[in-house]
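What follows is a set of notes on a single structure, which appears directly below.
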Amino acid sequence: MNKLVLVDGNSIAYRAFFALPLLNNEKGVYTNAVYGFTTMLLKILEEEKPTHMMVAFDAGKTTFRHTTYKKYKGTRQKTPPELSEQLPFMRDLLKAFNIAHYELENYEADDIIGTLAKRASKDDWEVKIFSGDKDLLQLVTENVHVALTRKGITNVDTYDLAMVNEKYGITPVQIIDMKGLMGDASDNIPGVPGVGEKTALKLLKEFETVEGVYESLDKVSGKKLKEKLEANEEDAYMSKKLATIETNSPVEITFEDLVKMEPNYEEVVTLFKDLEFASLLDRIDGKVEVEKEEVKDIQVTVVDEVTEGLLVSPSAVVVEVLEENYHLGEIIGISIVNETGNYYLPTSIALKSNVFQEWAANTKKEKWLFDAKRAVVALGWGGISLKGVTFDMQIASYLIDPSASSHEMADISKRNHGVAIESDEVFYGKGKKRHIPEGSALAQHLARKAASINELKPKLEEQLKQNDQYELFEELEMPLSIVLGNMEMNGVSVDKEELEQMGEKLGEKLVSIEKEIHELAGVSFNINSPKQLGEILFEKLNLPAIKKTKTGYSTSADILEKLKDKHEVVEKILLYRQLGKLNSTYIEGLLKVIHKKSGKIHTIFNQSLTQTGRLSSTEPNLQNIPIRLEEGRKIRHAFIPEQKDAVILAADYSQIELRVLAHISKDENLINAFVNDLDIHTKTAMDVFHVKEEQVTSQMRRTAKAVNFGIVYGISDYGLSQNLGITRKEAQEFINRYFQSFPGVKDYMETIVEEAREKGYVTTMLKRRRYLPEITSRNFNLRSFAERTAMNTPIQGSAADIIKQAMVNMALEMEKRNLNSRLLLQVHDELIFDVKKDELEQMKKLVPEVMEKAVELVVPIKADVEFGDTWYDAK
DNA sequence: GGAACCACGC
DNA sequence: GACGTACGTGGTTCCA
């Protein structure tokens, strides 16, 4: 059977334009609408597989509707130039895809679509229409279906007769009558003033059509409504006419012109490349021989004996570890590129060579790497020391723009027009297909990587200098990567037996709670399945469903909290979840990652990931070990010093973000609070609630704390309302009162958003950068999010700068003093050490001192120190 | 293998 | 009034 797909081109383009941030390509051409439009096309081609297809566009400004009503579409804003400049690209793309497009003088895209849909359905074709405009629903019939864009662009709701009825309770043809009565603000169709969708639908259910309404006007209930209808009869009829899609427009194009042919993939590829649609290129990969970026063979010397002559300074070095977790992986090969040549060193030869080892450990021999920490740690496990690293390409790329689409070597190289490298995923394969290619291919791949580092180092350094970030790079992040490498390599000792015992107890408890839950529910089911749980709670037990998710009922903790007193099973489920989380993530999770060789836990800190400058921690994540609830906190009993002669020392910054805020905003009230060492949440409560200190209740303090939390994390009034369980309006009121009390903060928030709009980015105290292109978006959500980010990133990012500086300074100080204590972990505002008992007195003073002096603020910085036999006891 | 949901920390 | 709302990591389920 024939299947015709008709696309409302203008409507989809508009949707895409407003839904996506203003992307542009290297030539400065905006591409967001083209991008969205193209993803929609690809999706249609993949999912609908039409035999015939056409995209209709509006022709000009005036249409036959303007003769009926001059003001038709009169209030519509001009198409933004950023969008109109993209329309030609869409036509080019359609041509490349071999998809017909059509426009008709005096008619709108709707009319073309309506006309063709009617003709096709006469011949019993299947027709599907894509648009963002609800008006098109009037075309729905047995074999004509309409797909309307939902949020985003590629998400659509498909309407057939039943769907229209379900949504509106009327037939498709009555959509026209609905528009006639309610009008359409966006098209400037008047309708009957005071009649909205609800009233229109009510009237139509009773009287079927506009005509029906006026024939039985005396039967309409409501005096005012009747008066309004009476006074606007003409407008109602005219509006109906305007809203009617012309299904007999003089469309000359024939179905033969619409036959869907194979795309001209060569043209598509060329266009995608021009537009820089890398991800879309991937999607059509396989359909066509996409000529890959020319990967040229380079001259590589395979070294069978390492000599001093080839290890000159500086050298670009690649130490390849295929495993993502470099604590576990083997080094599969080493390459070196320097002014004497390009070399590949088979692992076994390099690691055994004294010449190599001495060169690696020599701080005076300069080395340039990509993700140096990976190489340092991987070599470290083999007992080889790598020193003298002066340039890390990954960190440089991250500092230049943390939001860059990827910090993979192949992508960075491409972005900066360096040596073409295959991505690791392509070269090694992924998933089950991953393997190490044979020797000479591997030598080529690794040599290209080293050549890329060698080539791009000056370019990236130049960019760092232009951004005034060279000091941040050289004095903070580069030394920090060494500190982090040592922390990871050193690892954290855990009491395995302690964990196992806790696990056993938890396991028993879980079994008994599970049984209780099944008994209370009257049926056995998987409590860990939100789907099954939802069905039990909200269907079988008939508890009120407060919130729904995309796929079913929400069973999240905050929802269950509200249902606690409705059924005793709820509390058990919460407990089951809590203990289950502890057992699977923390007990079993941590036991799984105890390293076979060291018996310790070695996390990996990611230094080039977060948009704010914070670190993250993986395999395992040691930055989210429980603390809030006592049961969870007990996990910390298992984190112990390496030797008996030591303790765990934890030092945390007190309110570092709010102190940073005081510093950058220069708000007098906030500065005074910290200078006088007040309890900041109590102080905030006093100001926000206009009460004296002794009148601050715990509820008031809790609210104030949530407001401060909101300021620090950049949450919205909605976020605050969720945290406090209040309305959005009340939350906004708290924020307003906060700003009244701290006017300097308000000024700062306004200034920083303005600055972000002008410059396109914000910076932290130590010049870390975050770009916020969406701050000029016309999409309210995107823009608001960017604005909150502009306010928040300098705060959170500067706090990250400060603790990083403290870590570097601390490492220097400990080395200078020849201390045997070790830094184990960083948890955003907290440093955890393994401290030898004979160094305890010294460290207790030194750690907070170094932390407090990391940078100088206009307010004092405060760090608190605790220690104990385990991490649990360091409180 | 990936999406969806949930939960932990700061 | 819409829009859908701090970041990051990881476990489990469920569907392809």
Side-chain angles (χ1 to χ4, degrees), chain A residues 18-19 150-152 185-186 196 402 430-433 525-534 547-560 573-574 576-590 592-593 603-606 609-629 631-633 635-636 652-653 655-657 706 709-723 728 731 770 774 777-793 795-797 799-800 803 825-830:
Chain A
F18 288 106
R150 240 178 357 190
K151 57 190 150 183
S186 70
K430 65 170 179 178
K432 275 185 182 169
K433 286 187 214 152
F525 67 102
N526 185 346
I527 306 165
N528 279 323
S529 161
K531 192 178 158 214
Q532 293 182 34
L533 180 59
K547 204 171 99 186
K548 281 201 144 195
T549 66
K550 261 187 282 185
T551 49
Y553 308 99
S554 171
T555 65
S556 61
D558 58 320
I559 300 292
L560 295 188
I573 291 165
L574 282 166
Y576 183 87
R577 282 246 181 96
Q578 189 201 338
L579 300 184
K581 171 85 178 175
L582 291 180
N583 198 37
S584 61
T585 305
Y586 296 105
I587 304 286
E588 289 171 10
L590 288 175
K592 247 189 286 187
V593 292
T603 185
I604 291 177
F605 288 106
N606 196 330
L609 184 136
T610 70
Q611 300 303 302
T612 54
R614 279 186 171 186
L615 301 172
S616 77
S617 154
T618 57
E619 280 189 88
N621 180 354
L622 291 182
Q623 290 183 320
N624 72 345
I625 304 300
I627 186 164
R628 245 181 57 247
L629 300 173
E631 293 92 323
R633 190 175 202 155
I635 302 280
R636 296 179 175 226
D652 69 311
Y653 279 116
Q655 303 300 343
I656 186 69
E657 282 99 348
F709 175 88
I711 298 286
V712 166
Y713 286 115
I715 62 175
S716 57
D717 52 357
Y718 177 85
L720 183 61
S721 74
Q722 291 294 300
N723 276 345
R728 221 170 93 173
R770 181 167 186 181
E774 292 172 346
S777 168
R778 292 154 311 277
N779 178 318
F780 175 85
N781 270 328
L782 295 176
R783 188 176 65 247
S784 304
F785 183 58
E787 285 170 358
R788 295 203 302 276
T789 310
M791 303 177 206
N792 161 252
T793 296
I795 304 173
Q796 207 187 110
I803 195 165
L825 296 172
Q826 186 250 48
V827 192
H828 307 308
D829 68 349
E830 178 180 24

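Chain letters run A, B, ... following the sequence lines, proteins first and then strands; every chain starts at 1.
- Annotation: side-chain hydrogen bond (donor to acceptor under 3.5 Å, both in side chains) contacts of Asn526(A) (sequence neighbours excluded): none.
- Using a 4.0 Å heavy-atom cutoff across all strands shown, Phe780(A) reaches at least one base atom of the nucleic acid.
- Separating the CD1 atom of Ile795(A) from the P atom of dC7(C) is a distance of 15 Å, rounded to the nearest angstrom.
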Secondary structure of DNA chain C in dot-bracket form (Watson-Crick or G-U wobble, distances below 3.5 Å, | marking inter-strand pairs): ......|||||||||.
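- In this structure, the side-chain hydrogen bond (donor to acceptor under 3.5 Å, both in side chains) partners of Gln826(A), at least two apart in sequence or on a different chain, are Gln623(A).
- One atom, CD of Gln532(A), and another, P of dT13(C), lie 9 Å apart when rounded to the nearest Å.
- At the heavy-atom level, Asn528(A) lies under 4.0 Å from the strands shown only through sugar-phosphate atoms.
- A donor-acceptor pair is defined here as one N or O able to donate and one able to accept, closer than 3.5 Å; no such pair exists between the side chain of Ser784(A) and the backbone of Glu787(A).
- Going from atom CD1 of Ile711(A) over to atom P of dT5(C) covers 20 Å, rounded to whole Å.
- Atom CG in Leu590(A) sits roughly 13 Å away from atom C1' in dT9(C) (whole-Å rounding).
- The residue Ser784(A) sits apart from the nucleic acid: no heavy atom pair falls under 4.0 Å.
- Using C1' as the reference atom, dC6(B) and dC3(C) are 25 Å apart when rounded to the nearest Å.
- The salt bridge (Lys or Arg N to Asp or Glu O under 4.0 Å) search around Asp652(A) returns none, not counting sequence neighbours.
- One interatomic measurement links the two molecules: CG of Asp717(A) to C1' of dG4(C), which rounds to 11 Å at whole-angstrom precision.
- Summarising the geometry, the separation between CD on Gln722(A) and P on dT5(C) is reported as 11 Å, rounded to the nearest angstrom.
- No contact: Asn779(A) has no heavy atom under 4.0 Å from any strand.
- Distance CG (Asn792(A)) to P (dT5(C)): 16 Å, rounded to an integer number of Å.
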Test side-chain contact (heavy atoms from CB on, under 4.5 Å) applied to Ile587(A) and Ile635(A), step by step: CA-CA 8 Å; Ile587(A) 304 286; Ile635(A) 302 280; 3.6 Å; yes
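- Taking atom P in both dC10(B) and dT5(C), the straight-line distance is 24 Å, to the nearest Å.
- Side-chain atoms of Thr618(A) never come within 3.5 Å of backbone atoms of Asn621(A) as a donor-acceptor pair (strictly under, hydrogens ignored).
- Residue Lys592(A) places no side-chain N or O under 4.0 Å from the OP1 or OP2 atom of dG10(C).
- To the nearest whole angstrom, the two P atoms, one in dA7(B) and one in dA2(C), are 28 Å apart.
- A donor-acceptor pair is defined here as one N or O able to donate and one able to accept, closer than 3.5 Å; no such pair exists between the side chain of Arg728(A) and the backbone of Tyr718(A).
- No donor-acceptor pair under 3.5 Å is formed between the side chain of Asn606(A) and the backbone N or O of Leu615(A).
- One can find a donor-acceptor pair under 3.5 Å joining the base of dT5(C) and the side-chain atoms of Ser716(A).
- Using modelled atom types, one finds a donor on one side chain and an acceptor on the other under 3.5 Å when comparing Ser556(A) with Asp558(A).
- Between Ser584(A) and the phosphate of dG10(C), there is no side-chain N or O to OP1/OP2 separation shorter than 4.0 Å.
- Partners of Phe709(A) by ring pair (Phe, Tyr, Trp, His ring centres under 6.0 Å), not counting sequence neighbours, listed by chain and number: Tyr713(A).
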Protein-to-nucleotide contact annotation, 5' to 3' order, nucleotides 4-10 of chain B [B base; S sugar-phosphate only; - none; under 4.0 Å, heavy atom]: SSSBBSB
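- Atoms CZ (Arg783(A)) and C1' (dG4(C)) sit 14 Å apart, rounded to a whole Å.
- Here Gly431(A) lies in heavy-atom contact (under 4.0 Å) with sugar-phosphate atoms only.
- Here Ser616(A) reaches the OP1 or OP2 of dT9(C): one of its side-chain N or O atoms lies under 4.0 Å away.
- Judged purely by atom type and a 3.5 angstrom limit, Arg636(A) uses its side chain to pair as donor or acceptor with the backbone of Ile625(A).
- Here the separation of dG2(B) from dA6(C), taken at their P atoms, is 27 Å to the nearest Å.
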